[in-house]
Amino acid sequence: GLRTIPSLSQFRRLRYLWINNNKIQDLTFLTKNYYLTELYLNNNELTDISGALKHLCSLQILFLHNNELKRLGKTVKELKGMISLQSLNLFQNPLAYDPDYRLYVIYSLPSVQLLDRKLVTQRERESALHLYNPKRAWVTQSIAFGKRVDTSLETTVGSSRCTQPARRPIMPSGIYNTQRKTYIFRVPFEDPKDAVLVRATTRSLMEFSSVDWNKVATCQERRLKNKPEEPSEKLTVQFR
């Protein structure tokens with residue numbers, strides 16, 4: 001039934017704190033507890049956490065579910081500095097009813113692995129990137145430097161399962177750059193694997209050669225025949 005808590009600044013190295021199941025509305029008592037790694041604030045009466053938690057950069061677990069947090073943007077902004085945050089609960093707050101709530105949190109807090117007791121999947125991360133940063137998602141697909149995604153060719157509909165035949169890569173429309181001899185694509189690939197394939201087959205061939213000039217006779221040495229002729233060795237490396 002606690003409504004207020006005195007300052008905990010004297011406990012500078014406090015790491016674990018359970019103050020759930022109270023009636024707390026203010027978090028100013030945590031201004032000096034930089035070492036906190038686990039904080040349990042669920043089942044309280046918090047309406048705003050702005051300016052109260054952003055200094056807790058070592059926090060790994062934060063439970064804020066079943067409170068009265070309403071502003072999703074302000075709440076997520078407060079948590080952005082927590083680069084070590086792995087487990088976060090925000091369900092049973094008014095802000096959790098936002099239709100894009102989960103994807104927004106996943107995009108804004110990339111370190112979170114477990115959100116609302118549910119593991120964050122790679123597909124959710126990709127969807128969040130496409131929704132909130134489509135330009136970056138387009139670049140990641142078009143240059144094929146992102147992680148390759150393991151996608152199944154099987155589609156489940158109800159209880160029946162059908163296997164789709166392998167399809168050819170859909171080439172996006174683009175402009176051919178005559179100087180670089182490459183295509184500048186305008187439309188992102190549907191599948192990152194297609195980008196990898198097209199990139200591998202269209203990139204120009206690069207070649208580097210090196211010679212040990214200490215073993216090559218100069219013109220004067222050749223004339224004076226002071227140094228025996230040795231066949232020059234050239235090392236050539238080619239790659240796409």
Side-chain angles (χ1 to χ4, degrees), residues 2 5 7-9 11-22 24-134 136-137 139-140 145-151 192:
L2 294 175
I5 294 180
S7 175
L8 301 177
S9 59
F11 307 107
R12 294 292 181 93
R13 296 190 176 274
L14 182 65
R15 297 185 60 189
Y16 311 104
L17 180 61
W18 286 265
I19 47 177
N20 49 296
N21 299 304
N22 284 288
I24 298 171
Q25 299 179 355
D26 183 32
L27 298 177
T28 54
F29 55 90
L30 294 172
T31 54
K32 301 293 183 180
N33 303 104
Y34 302 103
Y35 287 89
L36 272 173
T37 58
E38 296 184 16
L39 179 57
Y40 301 88
L41 292 167
N42 48 295
N43 300 299
N44 277 288
E45 297 180 359
L46 295 170
T47 58
D48 189 8
I49 60 171
S50 300
L53 301 177
K54 61 183 178 181
H55 61 287
L56 304 179
C57 299
S58 300
L59 211 58
Q60 298 177 10
I61 298 177
L62 176 60
F63 284 4
L64 284 166
H65 56 277
N66 198 16
N67 276 282
E68 298 297 328
L69 299 174
K70 299 178 181 179
R71 304 185 65 176
L72 179 59
K74 289 185 65 176
T75 301
V76 170
K77 183 179 180 180
E78 184 69 16
L79 307 180
K80 278 189 175 181
M82 301 178 183
I83 57 176
S84 301
L85 190 61
Q86 298 179 8
S87 182
L88 173 65
N89 281 355
L90 288 172
F91 63 93
Q92 292 183 352
N93 279 285
L95 57 79
Y97 294 102
D98 189 292
D100 296 324
Y101 148 75
R102 184 172 176 87
L103 291 181
Y104 181 72
V105 175
I106 290 174
Y107 172 74
S108 303
L109 306 174
S111 65
V112 173
Q113 305 294 324
L114 195 67
L115 177 60
D116 294 344
R117 302 181 294 189
K118 183 180 178 182
L119 191 67
V120 177
T121 65
Q122 182 62 28
R123 186 177 295 275
E124 286 179 319
R125 294 192 188 280
E126 293 172 358
S127 299
L129 185 63
H130 278 281
L131 182 61
Y132 293 103
N133 196 341
R136 181 179 174 184
V139 171
T140 301
F145 287 141
K147 291 184 178 180
R148 301 181 73 174
V149 181
D150 294 325
T151 56

So, for N93 and E68, which heavy atoms are closest and what is the spacing to 0.1 Å?
-> OD1-N, 3.3 Å
CG (L39) and CH2 (W18) are apart, to the nearest 0.5 Å, by 10.5 Å
Are more than 12 heavy atoms from other residues, nucleotides or ligands located less than 6.0 Å from atom CG of L114?
-> yes
Closest approach of I61 to L85 (non-hydrogen atoms, all atoms of both residues) = N-CD1, 4.1 Å
Between E78 and K54, what is the shortest heavy-atom contact and its length?
-> OE2-N, 2.6 Å
Validation row: T47, K70 side chains within 4.5 angstrom (heavy atoms) = no
Tell me, with the steps shown, if Y34 and R12 meet side-chain contact (heavy atoms from CB on, under 4.5 Å).
-> CA-CA 7 Å; Y34 302 103; R12 294 292 181 93; 5.7 Å; no
Minimum heavy-atom separation for F91 to A96, with atom names?
-> CA-CB, 4.2 Å
Short question: side chain of N33, backbone of F11 - any donor-acceptor pair under 3.5 Å?
-> yes
Distance-only donor-acceptor check, side chains D116 and Y101, under 3.5 Å = yes
Rounded to the nearest 0.5 angstrom, the CG-OG1 distance for L14 and T37 is 9.0 Å
Heavy-atom check, side chain of L79 versus side chain of L62, under 4.5 Å = yes
Just checking, any donor-acceptor pair under 3.5 angstrom between side chains of Q113 and Q86?
-> no
Do N67 and L90 come close enough that some side-chain heavy atom pair is under 4.5 Å?
-> no
Determine, for D48 against R71, whether the closest basic-nitrogen to carboxylate-oxygen distance falls under 4.0 angstrom.
-> no
Shortest non-hydrogen pair, C57 vs S84, comes out as O-OG, 3.7 Å
Just do the side-chain contact (heavy atoms from CB on, under 4.5 Å) check on M82 and L59 with the steps written out, would you?
-> CA-CA 6 Å; M82 301 178 183; L59 211 58; 3.9 Å; yes
Hey, does N20 have a side-chain heavy atom less than 4.5 Å from the side chain of L41?
-> no
Spacing of L46 atom CG and L27 atom CG [to the nearest 0.5 Å] | 5.0 Å
Any idea how Y40 and F63 line up, ring-wise: parallel (<30°), tilted (30 to 60°), or perpendicular (>60°)?
-> perpendicular
E124 side, atom CD; L119 side, atom CG - distance, nearest 0.5 Å | 8.5 Å
How many angstroms lie between NE2 in H65 and CG in N44, if you round to the nearest 0.5 Å?
-> 10.0 Å
Atom OH of Y97: over 12 foreign heavy atoms under 6.0 Å | no
Start with the C-alpha distance between F29 and I24, add both sets of side-chain angles, then the distance that settles side-chain contact (heavy atoms from CB on, under 4.5 Å), and finish with yes or no.
-> CA-CA 11 Å; F29 55 90; I24 298 171; 4.2 Å; yes
To the nearest 0.5 Å, what is the distance between CG (N66) and CG (N89)?
-> 11.0 Å
So, do K74 and K77 sit near enough that their side-chain heavy atoms are less than 4.5 Å apart?
-> no
Are the charged groups of R15 and E38 less than 4.0 angstrom apart, N to O?
-> no
Test L30 against L8 for side-chain contact (heavy atoms from CB on, under 4.5 Å), laying out the working first.
-> CA-CA 6 Å; L30 294 172; L8 301 177; 4.2 Å; yes
Would you say S108 and V76 make side-chain contact, with heavy atoms under 4.5 Å?
-> yes
On the 0 to 90° scale, with breaks at 30° and 60°, tag the Y107-Y132 ring pair as parallel, tilted or perpendicular.
-> parallel
For the student: nearest non-hydrogen atoms of S127 and L103, plus distance | CB-CD2, 4.2 Å
